[in-house]
Every structure is written in C-alpha cells, then in structure tokens.
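So you know, we letter chains A, B, ... as the sequences are listed, proteins then strands, and number each from 1.
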Number of protein chains: 2
Amino acid sequence: MKSESTTIKDIARFLNISASTVSRALNNHHEVSYKTRQAVLKAAKKLNYQPNALAIGLVKNRTNTLGVLMPDITQPFYSSAISGIEYVAVERGYYVIICQSDESYQKEMSLVDMLNTHRIDGLIICPATTTDRYRHLREISRTTPLVQFDRIVDKIDSHKVVSNDYQGAYEAVTHLIQCGYQRIAHIAGPKQLSISKNRKRGYLKALKDAAQPIKKQYICICTLDKEHMRWCTEKLLDLPKPPDAIFAVNDPTALEVMYVAKQRKLAIPEDIAIAGFDDQSLTSYLDPALTTVSQPSFTMGKTAAELLIAQIESGNTTEISFQKKIFSTSLVIRDSSQRKPETND
Amino acid sequence: MKSESTTIKDIARFLNISASTVSRALNNHHEVSYKTRQAVLKAAKKLNYQPNALAIGLVKNRTNTLGVLMPDITQPFYSSAISGIEYVAVERGYYVIICQSDESYQKEMSLVDMLNTHRIDGLIICPATTTDRYRHLREISRTTPLVQFDRIVDKIDSHKVVSNDYQGAYEAVTHLIQCGYQRIAHIAGPKQLSISKNRKRGYLKALKDAAQPIKKQYICICTLDKEHMRWCTEKLLDLPKPPDAIFAVNDPTALEVMYVAKQRKLAIPEDIAIAGFDDQSLTSYLDPALTTVSQPSFTMGKTAAELLIAQIESGNTTEISFQKKIFSTSLVIRDSSQRKPETND
DNA sequence: TTGTAGGCGTTATCAT
DNA sequence: ATGATAACGCCTACAA
C-alpha cells in the first residue's frame, strides 16, 4: 500500500535529467535554469510527488519538528498553551508532535525516548505529577534544545516558561481575606511540583501578611487525582472547625471542591468560598461562577515555542544564556468568593 | 548540538564486530550468539545508543506511527477519543502524532500533507467544519490506511467510526416532547457535516412521530463559531413566538444557548429547556446541569485505532472490506430539561 | 554465527 | 547549469 510513492528519481527519469538537478529545482537552489525548474515543478505536480521527510531528516540531521509533551491535553490550560505553540511553529515552518503523559512518569520517559528516536529538533515539556526523577530531562537536554513549561525543575539548565504562581496565589488568598473569610484552607498539589510549592508559598505569605494564623490541618496535599481531590475536600469539611474558604491549587480541584460542597448543601459563597487557579474556559459558566487566577496560557505557549526555535536556529555557536520567563497572572473575581454579591448596588 | 549521537557503527567499532551483527543483535535476530548479543546490548547501554527512527523508517518503509487529525483537541469529546486511540496504540507498539485543524480546511490539508510527508503508517481523521472538498482524503487513502472518525464522508472508502447521531437526537427531542415542550427549536451544524445531517434528521423525525408541526424558523444552521452560536440563539429567542426548548447540535453550542438565556433572565428549564450532544465532562457541573446525549468517545477512539492497526498489519494482501462501526448513544437527563424538578418527591 | 555490499530517498560536494 | 558520487543510519540478502 505504501509502495508506489514517487521519488525525485522518478521525476528525474521522467524528464531525462539527474536526480540532483531535480533536488535543486525543488529546493529553489538559484543555480538551476528557469526552464528546468518549471519542468520539474510541473512533473512533480503531475506525478504527485511528496517529499520524504525521513530521508531529508536523515541527511540534514534536522526534522523541522518540535515535540510537545504535556501531562493532559484535555485540560484547557495545556490545550490553550499547545495552540500558542502551534501558532508560532506553523509560522516558522515547524511541525508539532503532541504527546500526553497522562501524569505518568513511565509514560513520560518512554515518550521522551520516542521523541528522541524520531529526532525532533526541540522539546517543550511539562513533567507529570508523578515525575520526581529528572535523568531523562537532563539527558535529552544534552542533545536537544529543551524548554521547560509551567512545572519546572530549576537545577536543569534550559529555557523556562512559567507564570507567577506565587504572586497569583498571594492575590487570590488576599482577596479571600479581604472578603472577610477567617479560616482559609488550601488544597495543594504534589510537593515535587514547582507550581505546588510556589502557590503554597503565596498562600502562606498572604495569611502571614494579614496576621491570620496558619493551621496545618487547613493544608491538604493532593495527588491531583479526582478521587483524592474529593477526599481532601471531605477531610477539610469534616474538621471540627471547618474552613470557610478553600483555595485550590488548580481549577479541576476547585471544581471537585464545589461538587462536594454542593452535595453537602453548603451555600457558596456564604458557607464556603472557593477559589481556583487557571481560568479554564468553562469556569465562568459554573454555578456560582468560579473565582480563579488567570494565566496567559496561549502567550506562554507562544513564548515557549519562540525560545525553543531561537535556540534551535542559533546553531549552537555560542554558549546559550538560558532565560526564565515569568508571566503575570490576574485574579478573576467571580461569585464563588463574594459573600454578598450585588448588595451595595 | 545534535551531532554526537551514537550509531550502530559506533557500537560495532567499539566491539570490533560488524554493524550488521550489531543490528541483528539489537533486533533479536535469532541467528546471533548469546554472547555477542549480550555484549552488544551492554555496549548499547553504555554508549547510550538511541535508534534513529528516520533511518529505520526509510529502509523499512514503516514508521510505527499513527497520525491523528482532529478539529479541536480542547473539546472533551475529541481529547477523550484521542486518549482511547493512544491507549491501544501504545499497547500495540505504535506512536501517535496528534494534530488539530482548528476547524480550518486549509490547515487540515497542509497537515495531511505533512503527515504524509512524515510517512505515517495510518491516519485517523475527523474533518473540519469548513471542509467541503475531500480530495486530500481520497488521495491519502490511496496510499495510507485511513479511518474516518465522527464526521464522515460516506462516499470515501475507508473504515468509519461514528455514533448513532440520528438515534441520539431522536431520543433527546422525544424526551423534550414528553416533558411537555411544544415549540422545540434546533440549532444545527453546518450542512456538509454528517453529524449535522443525522442529528437534524433525528430531530425532524421525533417531531413528526409526535405529530408536532415542523417550523422552518425554528431551525437555525450554525457555523459553530462561538459568536454565531449566540447569534442563532438570539434569533430564535427574538421570534414572535419564541421556542420553549432548544436542542443544540453539540454541547459547546448548548453552553452558549444557556449563556444567552441566562443573560435574558430566562428561567431554565421553566421558560426554556436546553439539550445538547456530547456529554462533555463539565456539563454536569453547570447550573442547571445540562441534559445531553452521551457518546462513548473513549471506546470510539479505541475502536478507530484497532481498525486502523488491523488494516496496517493486514499487509494489504487481500481486498479489505471496510467497516462502519456505529456506537449507541445514551440520553443523560439532567435539570436543564425537566420543567418541575423534584416536585413529586 | 558473522561479514560484505547494496539500497531506502535525499542532499551536498565535486566535477564537468 | 547540470551530472556523478558519496553520505546520512539502518536493514537484509548473499556470501563466507
């Protein structure tokens, strides 16, 4: 079935010229006569010629292909970032191979391997929640330009693109405090993730700055499994003095908090306020609409691709100075955190 | 940067044997002594050998790679299908290249081209809304196994995987009728899409079977742009006799209907009922929770991959008899369509 | 069991 | 301006 694709040799034979001339004509090498170029292009069209990227990659040692490895492409934050990556990739003549690790360290490693094997020109990666060893990153970064995205490992040298998780969390929690909530809990992400650490730091600092007590039992470390998100929520709500607000490490978690709260017939935001992180597209349609920290995911994706392509095309001549781009977040205040919406109106 | 990857020649030199022996050892060719195989494997590990998929693909004319081309990977229906595809692909030793057309015919064509150029072994495709010519499909299907997914073109020979759109729509509209709604409108998808046609047919048949009048002004053909979804809703609600229920061609559309209805302070489902199609993950969190038609997207993806791989591995010996797998849907009744929830309790 | 040689489709170098 | 040739990394007859 895959047998009869035409090659430059076929074109050459068809026109009674050499394969190298055909190759040159196809690649706009200036040293080929207008006439032959036209003939070649015409023949190529007629014979339905499709270049073989494998062969080209083999000789050029370049594939014009970027790898993108994300934990879960169904999450709007990632899919929006992917759109941003694709946007600049296409513009710059690169193809994109998208992969998802499903938050599995094993799958992540095997995918990095396959991407390496496919000789991608560069990789944008956001590690899985379960990834706590980084040899695969360090190794691929020695041979392939790498950009770390969102969840990063500081000690690994590469460009990095993140948002200001610390600041975003700080603002969200400060907002809750200003709304009068007194017992603000936090469902945090796995400890090894940079975003978890930074968002938790923001949470703690906000409490501290407002002279609110920090209580250990109000902080729950979540694996980010759906089940565990609910379990954490239940645990918090079952405390003798349950929290009156929950700041969740991300929107999927906030959603589960809301689910459990509704099941318990708690009024949101009267009995309990909820805030998330990400600004996923549907959060504004929820009841009540979710207060959350918005990240410029599309722009972040674009930036990651730009850094990556720049590094690829730098030719590696000089030592690269790696950049860490930190994007500002913005707090989106909606109904899930405003105890008395529209009273002073 | 991409220079120093080790090849089988390096291993051969290292061990003072020939490259072909190394190749055989690496591929478990039974005619190689246990001793040399062990030595080769050890050396491969030590030198950190990574096979070059380009070279292998070039000689084998097989890449062990499947292409997946979807309109929009952010929609849960598609991303869930992709997960299903990946699930069986990984199991069977295939890699998956995911692409999205962003509902653009141009992008779709150029992506098909690039996938072809990369010599994928097979393709699973769901065409863009704007795709109304199918030469690219017909052409790639002549050289590459193809599975049409969800939105299909009947006249193009290939395996097909769809859900029973007609039946699903019929059941949804019948449900609305049974709930007592009298003026049921339909926001349909673009005419060229198979799913639009079939869901509309189901809508019409349900009205007919219930002896409800079919009114042209209650049917709105939508491009599936967000703006146009809202515009269609506005148009329907502005009718002298506005509908008391709207059946939307998919969940994103239903969401926009809900948005507009809420803006107009219409009570759902008292003033107007809403039903969608897809059962996207967040629809159950909405206010009110959305009645919708659920499709087994993950299983559909799995099936598509299975059919594709079977065709790839059939060796094309005999003429293939193409299958059309039609999956049953199931109606998920939630609050957006039940005029008096919890009254008889 | 192992080595040699040729080829997969393309580009690049060197001639002509 | 064009052609011949080697090379990219790997596999596979065929030969030894």
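Nearest heavy-atom pair, T129(B) versus E103(B), reported as atom, atom and distance to 0.1 Å: N-OE1, 2.7 Å.
Counting to the nearest Å, the C1' atom of dA13(D) and the CD atom of E31(B) are 11 Å from each other. The nearest whole Å value for the distance from the CG atom in N61(B) to the C1' atom in dC10(D) is 14 Å. The interatomic distance linking N27(A) (CG) with dG9(C) (P) rounds to 17 Å, in whole Å. The CG atom of L26(B) sits 15 Å away from the P atom of dG9(D) (whole-angstrom rounding). Summarising the geometry, the separation between NZ on K9(B) and P on dG3(C) is reported as 15 Å, rounded to the nearest angstrom. Rounded to an integer number of Å, the gap from N64(A) CG to dT11(C) C1' is 14 Å. Put simply, CD1 on I8(A) is 13 Å from C1' on dT5(D), counting in whole angstrom units. The separation between I17(B) atom CD1 and dC11(D) atom P is 14 Å, rounded to whole Å.
Contact check, T21(B) against dT2(C): no side-chain N or O comes under 4.0 Å of OP1 or OP2.
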Could you write out each protein N or O paired with an N or O of nucleotides 12-15 of chain C at a distance under 3.5 Å?
none

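For the salt bridge (charged side-chain N to carboxylate O under 4.0 Å, His left out) test, no residue two or more places apart in sequence or in another chain qualifies with E306(B). Every side chain to side chain donor-acceptor pair (under 3.5 Å) that T36(A) has, sequence neighbours left out, goes to S33(A). In this structure S194(A) satisfies the side chain to side chain donor-acceptor pair (under 3.5 Å) test with no other residue, sequence neighbours excluded.
Under the 3.5 Å distance criterion, the side-chain polar atoms of S141(B) are matched with a main-chain donor or acceptor of R138(B). Between the side chain of E108(A) and the main chain of S101(A), no donor-acceptor pair closer than 3.5 Å is present.
A distance of 4.5 Å separates CG of L137(B) from CD1 of I156(B), quoted to the nearest 0.5 Å.
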Only pairs under 3.5 Å count here: list side-chain donor-acceptor contacts from residues 37-60 of chain B, not counting sequence neighbours, and write none if there are none.
from, atom 1, to, atom 2, distance (Å)
R37(B), NH2, H29(B), O, 3.1
N52(B), OD1, L54(B), N, 2.8
N52(B), OD1, A55(B), N, 3.2

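When the shell of 6.0 Å around OH of Y87(B) is examined, it contains 12 or fewer heavy atoms from other residues, nucleotides or ligands.
Contacts between residues 34-58 of chain A and DNA chain D, defined by a heavy-atom separation below 4.0 Å, involve T36(A), L58(A), listed by number.
Nearest nucleotide to the T7(A) side chain, out of dG3(D), dG9(C), dT2(D): dG9(C).
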